[in-house]
Amino acid sequence: MSIVNVRAAFETAINTAVLNADDTVTIVFDNMPFTTPGNTKKYVMVNLDFTQSTNQSQGEAVKYYAGTIRCAVMTPSNKGSAAASAISESVITGLISVNANNYTDTFSVTPRVTEISGPSSVVTDDQSHFMSVINCDFTANA
């Protein structure tokens, strides 16, 4: 169940930070059903991909996980970038919250994120939403 706990640690951190900043934002994780919200809705799509899962055999067995978190912040088009910036900031706050000295590791996985890139704007014509993308790598032990 360690993979489940790793995912839950990051999902909880992102969910808490975003909803504390703006409870009108819908957060969708890649492991749950999703229907695209209407043109006026703000939402964040979160993908968590594991790139490494090892059980180290030296000494006491330790599970080590690494991967990438990608967050797509979606805000209504033609409304300016303020909403996207504010939501992006709350996503970043959630991601880095796991690195804080006072973080309570309720999932017992020691989650950490490294450098965060973005938000990078993805602009396409005739789309209902403006997209900003935030990426970071993560590690966790269990």
Side-chain angles (χ1 to χ4, degrees), residues 1-77 79-125 127-142:
M1 292 297 258
S2 296
I3 289 175
V4 171
N5 288 356
V6 170
R7 178 178 285 281
F10 289 111
E11 288 177 353
T12 300
I14 294 167
N15 195 57
T16 299
V18 172
L19 293 181
N20 282 345
D22 184 348
D23 63 0
T24 66
V25 176
T26 300
I27 304 159
V28 180
F29 298 98
D30 58 353
N31 60 343
M32 58 191 281
F34 172 66
T35 302
T36 304
N39 295 351
T40 61
K41 302 295 182 185
K42 301 173 286 189
Y43 61 101
V44 178
M45 297 184 329
V46 180
N47 291 307
L48 196 144
D49 297 314
F50 288 86
T51 57
Q52 182 178 1
S53 299
T54 59
N55 189 2
Q56 300 165 351
S57 59
Q58 300 87 4
E60 184 178 343
V62 176
K63 292 181 182 175
Y64 173 81
Y65 301 98
T68 302
I69 300 171
R70 183 177 51 255
C71 302
V73 175
M74 309 296 286
T75 55
S77 290
K79 299 285 187 186
S81 61
S85 296
I87 296 167
S88 295
E89 191 65 42
S90 64
V91 167
I92 293 168
T93 297
L95 289 168
I96 62 175
S97 70
V98 301
N99 292 0
N101 289 336
N102 63 347
Y103 173 73
T104 303
D105 186 11
T106 58
F107 299 97
S108 302
V109 294
T110 318
R112 295 287 179 263
V113 296
T114 59
E115 286 186 32
I116 297 172
S117 63
S120 301
S121 300
V122 179
V123 180
T124 56
D125 293 333
Q127 294 294 315
S128 64
H129 285 79
F130 174 78
M131 181 169 66
S132 297
V133 179
I134 300 163
N135 291 297
C136 74
D137 292 328
F138 72 85
T139 62
N141 296 307

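All heavy atoms count here, side chains included; hydrogens, waters and symmetry mates do not.
- The distance from the OG1 atom of Thr110 to the CG atom of Asn141 is 5.5 Å, given to the nearest 0.5 Å.
- Screening Thr26, Val73, Asp22 against Lys42 for a side chain to side chain contact (heavy atoms under 4.5 Å, CB included) leaves a single residue, Asp22.
- Side-chain atoms of Asn5 do not come within 3.5 Å of backbone N or O of Ala9 as any donor-acceptor pair.
- When all heavy atoms are compared, the tightest approach of Val44 to Cys71 is CG1-CB, 4.2 Å.
- Of the possible polar contacts, one joining the Asn20 side chain to the Thr16 backbone as a donor-acceptor pair under 3.5 Å is found.
- Atom CE of residue Met74 and atom OG of residue Ser132 lie 9.0 Å apart, to the nearest 0.5 angstrom.
- Among Asn135, Ile14, Thr114, the one residue that satisfies the side chain to side chain contact (heavy atoms under 4.5 Å, CB included) test with Leu95 is Ile14.
- Counting only heavy atoms from C-beta outward, the side chains of Thr12 and Phe107 approach each other to under 4.5 Å.
- One distance of note links CD1 of Ile116 with OG of Ser88; it measures 11.0 Å at 0.5 Å rounding.
- Heavy atoms from other residues, nucleotides or ligands lying under 6.0 Å from CD of Glu115 number 12 at most.
- The aromatic rings of Phe10 and Phe138 lie tilted to each other, with the angle between the two planes from 30° to 60°.
- Distance alone, capped at 3.5 Å, places no donor-acceptor pair between the Asp137 side chain and the Ala66 backbone.
- Contact of the Pro119 side chain with the Ile92 side chain is registered, since non-hydrogen atoms from C-beta on lie closer than 4.5 Å.
- To the nearest 0.5 Å, the span separating CE on Met131 from OG1 on Thr75 amounts to 10.5 Å.
- If you take CG on Asn31 and CG on Leu48, they are separated by 8.5 Å, rounding to the nearest 0.5 Å.
- The heavy-atom pair separating Pro111 from Asn99 by the smallest distance is O-OD1, 4.2 Å.
- Rounding to the nearest 0.5 Å gives a distance of 7.0 Å between CD of Glu11 and CG of Asp30.
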